[in-house]
Amino acid sequence: ALGYLGSVGGETEGPLADPKSKLHVLEGLQKARRASASGDLDTAVDIFKEIVAEEPLLVDAWQELARNLKNLTRYEEAKEAIEEAMRLSSGTPHVAHLAAEIYKDLGQIEEAKAHAELATSGNELAWDLLAQIAIEERDFETAEDYVNRSLENRGSRIGPLLTLAALRVAQDRLEEAIEVTTRAAAEFADNPDRQQLSGLYFTRGKAYAFQGRTDLAEEAFRTEIDLSPRILGAYTHLAFLYALDGKAAQAGETLGLMVETNPTPSAHAAAVIALREMRDERSADAVLRMALGKWPDSPRLLELAGQGS
């Protein structure tokens with residue numbers, strides 16, 4: 001399935017360019033990376049697109065374009081960019097890892113697994129991602145093995161702890177999941193980079209929700225939205241809690257905030273799915289029509305249109 005392997009050689013045709021003529025490309029990369037680091041992902045994407053248009057063989061630019069698109073939840077565009085990076089790099093582990101993350105975001109689990117397995121050679125982060133994929137597949141025994149391997153080599157990384165918490169939620173070991181998130185929050189309490197905690201409150205909120213502790217669950221989901229406004233699941237889970245509590249208006253407002261904050265096909269698809277699961281077909285159809293008007297070629301939206309009532 002990984003057709004990129006061996007598809008691109010290392011040779012170039014014609015004379016090499018004068019390095020001085022490419023200084024503006026380096027400056028563009030630095031400018032894009034600064035924009036990305038400051039949270040201005042849209043600007044970063046625009047600059048990286050300009051760079052790959054001029055230098056289409058620049059793997060790093062394709063990879064960073066894909067990463068920023070992923071962080072904007074523009075997963076379908078991210079997939080196109082990372083597939084080009086995979087083709088150009090012949091599937092190096094760090095590129096394959098990002099590809100696996102993007103396929104996982106798109107729900108393409110078999111592709112995600114294949115790329116994560118490719119990434120394991122020389123990339124310890126891949127074991128954590130394989131654990132997440134095994135959780136998606138509800139293969140908890142395999143997930144446990146991968147989590148343990150990831151934890152052994154996690155160093156100062158929080159990710160394996162969050163994956164462990166997610167596994168405990170999936171196993172219905174909810175109190176253990178909450179304990180792991182509490183441990184992780186305490187361990188990283190003094191870290192000024194609060195984005196390190198991205199996903200923690202979402203997982204904690206799910207544990208509280210399954211326990212029926214709705215007030216704590218709502219608080220956790222709202223905290224996650226404030227911390228990581230691009231984690232779509234925090235919005236949809238919070239909306240479900242409001243709907244179950246008879247707060248239809250607040251549920252709608254939460255989904256509205258999601259698509260306003262994340263004006264992407266993926267966010268609109270998540271809203272459509274949530275509304276359908278809430279049995280609000282009328283609102284789901286309205287959101288889907290509006291989204292298809294903006295992104296008529298989106299595979300995910302077209303798939304949802306084919307599943308409509």
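Values in this document were obtained by computation on a predicted structure and should not be read as measured data.
- Taking hydrophobic clusters as Ile, Leu, Val, Met, Phe, Trp and Tyr residues chained together by side-chain heavy-atom distances below 4.5 Å, V59 shares a cluster with L57.
- Nearest heavy atom pair, residue A165 against residue A177, reads O-CB, 3.5 Å.
- A continuous path of hydrophobic side-chain contacts links I102 to V52 [ILVMFWY only; heavy atoms under 4.5 Å].
- Cluster annotation: W127 is not connected to L118 through the hydrophobic network of ILVMFWY side chains, with a link wherever side-chain heavy atoms come within less than 4.5 Å.
- Using a distance-only test at 3.5 Å, with no hydrogens or angles considered, a donor-acceptor pair links the side chain of R230 to the main chain of N71.
- Using a 3.5 Å distance cut-off with no hydrogens or angles, the side chains of Q211 and E175 do pair a donor with an acceptor.
- At distances below 3.5 Å, at least one donor-acceptor pair connects side-chain atoms of S89 with backbone N or O atoms of G91.
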Do R34 and Q30 pass the side chain to side chain contact (heavy atoms under 4.5 Å, CB included) test, and can you show the C-alpha distance, the side-chain angles, and the key distance before you say yes or no?
-> CA-CA 6 Å; R34 287 196 298 270; Q30 293 172 338; 3.8 Å; yes
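- With no hydrogens or angles considered, no side-chain donor-acceptor pair links E152 and N148 at under 3.5 Å.
- The pair R157-E124 fails the salt-bridge criterion, with no side-chain N (NZ, NE, NH1 or NH2) lying under 4.0 Å from an Asp/Glu carboxylate O.
- D245 places no side-chain N or O within donor-acceptor distance of the main-chain N or O of L241, the cut-off being under 3.5 Å.
- Salt bridge annotation for R222-E218: present, with a cationic side-chain nitrogen under 4.0 angstrom from a carboxylate oxygen.
- Rounded to the nearest 0.5 angstrom, L238 CG and K247 NZ are separated by 9.5 Å.
- Considering every non-hydrogen atom in both I135 and F140, the closest pair reads O-CE2, 4.1 Å.
- Side chain of N262 to main chain of P229: a donor-acceptor pair is present (N/O by atom type, distance under 3.5 Å, no hydrogens or angles).
- Across all their heavy atoms, L167 and A143 have their closest contact at CD1-CB, 3.9 Å.
- A side-chain donor-acceptor contact under 3.5 Å links S298 to the backbone of L301.
- Contact record, V287 with A271: CG1-CB, 4.3 Å, taken as the closest heavy-atom pair.
- Defined by atom type and a distance below 3.5 Å, a donor-acceptor pair is missing between the side-chain atoms of Y235 and E224.
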With side chain to side chain contact (heavy atoms under 4.5 Å, CB included) as the test, would you mind laying out the steps for L106 and R300 before giving the verdict?
-> CA-CA 9 Å; L106 285 166; R300 186 67 182 110; 6.0 Å; no
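- Comment: K104 does not engage E111 in a salt bridge, judged by the lack of any side-chain N to carboxylate O separation of less than 4.0 angstrom.
- The only member of V259, T261, L255 that meets side-chain contact (heavy atoms from CB on, under 4.5 Å) when paired with L257 is T261.
- Relative to the ring axis of F202, K206 places its NZ or CZ within 45° and under 6.0 Å from the centre.
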So L161 and E187, side chain to side chain contact (heavy atoms under 4.5 Å, CB included) or not? Walk me through it.
-> CA-CA 10 Å; L161 288 177; E187 183 175 327; 3.7 Å; yes
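- Here R67 does not pair with E64 in a salt bridge; the nearest charged N to carboxylate O distance is not below 4.0 Å.
- Placement of L197 and V169 in two distinct hydrophobic clusters is found when ILVMFWY residues are connected by side-chain heavy-atom separations under 4.5 Å, directly or transitively.
- We find that E84 and R87 are joined by a salt bridge, their nearest charged nitrogen and carboxylate oxygen being less than 4.0 Å apart.
- In this structure, T120 contributes its side chain and E117 its backbone to a donor-acceptor pair below 3.5 Å.
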In sequence, state the C-alpha distance, the side-chain angles, and the governing distance for M278 and I273, and then conclude on side chain to side chain contact (heavy atoms under 4.5 Å, CB included).
-> CA-CA 9 Å; M278 294 176 193; I273 293 168; over 6 Å; no
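- For T223 (side chain) and E219 (main-chain N/O), a donor-acceptor pair under 3.5 Å exists by modelled atom type.
- Residues T264 and H268 come closest through the heavy atom pair O-ND1, 2.9 Å.
- Here T73 contributes atom OG1 and K70 contributes atom NZ; the two are 10.0 Å apart, rounded to the nearest 0.5 Å.
- R33 has no carboxylate O lying under 4.0 Å from a charged side-chain N of E27, or vice versa, which leaves the two without a salt bridge.
- Classification of the Y103-H115 ring pair by plane angle, with boundaries at 30° and 60°, yields tilted.
- At distances below 3.5 Å, at least one donor-acceptor pair connects side-chain atoms of T236 with backbone N or O atoms of G233.
- No continuous path of hydrophobic side-chain contacts links L162 to L125 [ILVMFWY only; heavy atoms under 4.5 Å].
- Nearest heavy-atom pair across I133 and A116 is CD1-CB, 4.1 Å.
- T203 places a side-chain N or O within donor-acceptor distance of the main-chain N or O of G199, the cut-off being under 3.5 Å.
- Test L130, L151, V147, I158 against T163 for side-chain contact (heavy atoms from CB on, under 4.5 Å) and you get one pass: V147.
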